[in-house]
Amino acid sequence: MFIEGVQCSSSPWWSARSSRLLGGVHGPAGVRGAGRGVGDPRVPGDGPAGEIVSPSEDPQLPQETVVDFYKSMTLFNTMDRILYEFSGRITFYATNFGEEGTHIGSVAALDPTDLVFGQYREAGVLLYRGFPLDLFMAQCYSSADDLGKGRQMPVHYGSKDLNFVTISSTLATQIPQGGGRCRVAIKRASSDRAVICYFGEGRQRGRRHAGLHFSATLECPIIFFCRNNGYAISTPTSEQYRGDGIAGRGAGYGIASIRVDGNDVFAVYNVTKEARRRAVAENRPFLIEAMTYRVGHHSTSDDSSTYRSLDEVSYWEKQDHPIGRLGRYLAARGWWGEEEEQAWRKEAQRRVMEALQKAEEAQAPPRPALHRRVPGGAPAPGEAEGSHVEALEGVQRALPPGALRGVTRATR
């Protein structure tokens with residue numbers, strides 16, 4: 001399944017069949033600048049919609065599991081849509097439209113104890129692991145129920161209980177951190193755990209190089225999972241790099257790599273499961289490049305209509321969406337019908353709206369909480385917490401009028 005060294009084009013697992021399972025893709029081959037050396041797994045005429053292209057590689061997941069995949073993806077999509085609509089109340093939001101298959105397919109193949117380092121577009125991973133809708137909303141609203149007590153921007157989730165490291169705004173810091181954590185805490189402990197580190201295909205400064213290089217030389221059981229969604233904010237991949245995308249670079253580090261159809265949840269599941277098995281068994285890193293498409297804007301600060309056509313977005317949203325492809329698979333097997341669809345959509349909407357309403361009514365964190373559980377921030381024994389608050393308020397009074405307009409409630 002994975003290319004080894006420079007023998008990337010001759011590996012039998014490096015085929016469209018092994019990295020694409022669900023039929024129904026009719027888009028152009030080689031989209032978004034993917035070169036010919038490795039190839040894009042999405043090719044025209046790959047079989048009937050909802051059918052498995054290569055039965056020998058069907059993961060044979062039970063009905064309950066596949067339905068759970070679908071429910072997780074649609075609930076996640078519903079949460080995204082509603083939070084985007086309410087983004088004016090939370091100052092910032094980044095959607096995951098079109099990339100749900102990369103989240104659910106990958107996390108389902110991991111062990112719950114595996115450590116996750118995300119970028120800022122992996123909320124579906126956390127949702128599948130059981131992170132409550134209430135806590136998603138609390139984080140975005142910076143309410144008193146937020147685990148981080150409002151210290152982070154919206155969508156910067158984290159959960160110690162679910163082994164999901166808190167998101168950082170600084171681009172690509174999770175890549176060397178993931179490798180370092182894997183080396184120090186997991187490999188030295190000789191535990192049957194792995195690390196997965198998500199990132200985009202865009203410019204990552206030198207951090208991606210450092211993370212991949214040291215993880216390879218230190219033989220860390222880590223999966224580097226690249227979500228190639230076609231755009232780095234407004235820059236398409238055709239203007240981001242030359243060469244064969246991200247997977248083609250793995251050989252230079254001595255990292256086994258594969259490119260997979262990120263809109264095919266089963267293909268993502270298969271390659272991640274195999275990468276995880278071998279990473280733990282062989283103490284080595286693996287690189288997965290999941291070819292997907294960012295249907296939504298980069299964030300609420302972006303208007304993607306200024307740099308791509310509506311027809312382009314419409315194709316990926318209506319013809320090659322991971323939710324639609326999985327839905328057709330379920331329908332073809334008689335596992336999901338229109339009645340179940342309508343009932344679940346209403347239930348998902350109700351759950352999200354109830355969680356959002358709870359966050360709307362919640363109080364902001366107490367101001368002294370801003371200084372707790374941070375280096376040097378806790379008051380010394382016997383020192384009044386109010387002194388920290390007074391100092392903060394003094395800084396705020398010194399700022400020009402309107403300087404704090406638009407920031408989250410927790411920092412006002």
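This chain uses plain numbering: 1 for the first residue, then up along the sequence.
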Indicate yes or no: does R345 engage E341 in a salt bridge with an N to O separation below 4.0 Å.
yes
Just by distance, do the side chain of S314 and the backbone of L310 share a donor-acceptor pair under 3.5 Å?
no
State yes or no: are the ring centers of F97 and H297 separated by less than 6.0 Å?
no
Does the separation of the ring centres of F117 and F199 fall below 6.0 angstrom?
no
Assign the ring pair W316 / Y293 to parallel, tilted or perpendicular, where the plane angle (0 to 90°) is split at 30° and 60°.
parallel
How are the rings of F225 and Y198 set to each other: parallel, tilted or perpendicular (split at 30° and 60°)?
tilted
Would you indicate whether F92, at its atom CZ, is surrounded by more than 12 heavy atoms from other residues, nucleotides or ligands within a distance under 6.0 Å?
yes
Below 30° counts as parallel, above 60° as perpendicular, anything between as tilted: where do the rings of H213 and Y253 land?
tilted
Whether the side chain of R284 engages the backbone of A216 through a donor-acceptor N/O pair (distance < 3.5 Å, no angle test) should be reported.
no
If you take the centroid of each ring, where Trp contributes its six-membered ring, are H103 and F76 closer together than 6.0 Å?
yes
State yes or no: are the ring centers of F224 and F286 separated by less than 6.0 Å?
no
Could you check whether E289 and N228, counting side-chain N and O atoms only, form a donor-acceptor pair closer than 3.5 Å?
yes
Side chains of N229 and R121: closer than 4.5 Å at any heavy-atom pair?
yes
May I ask you to check whether over 12 heavy atoms, not counting those of E339, lie within 6.0 Å of atom CD?
no
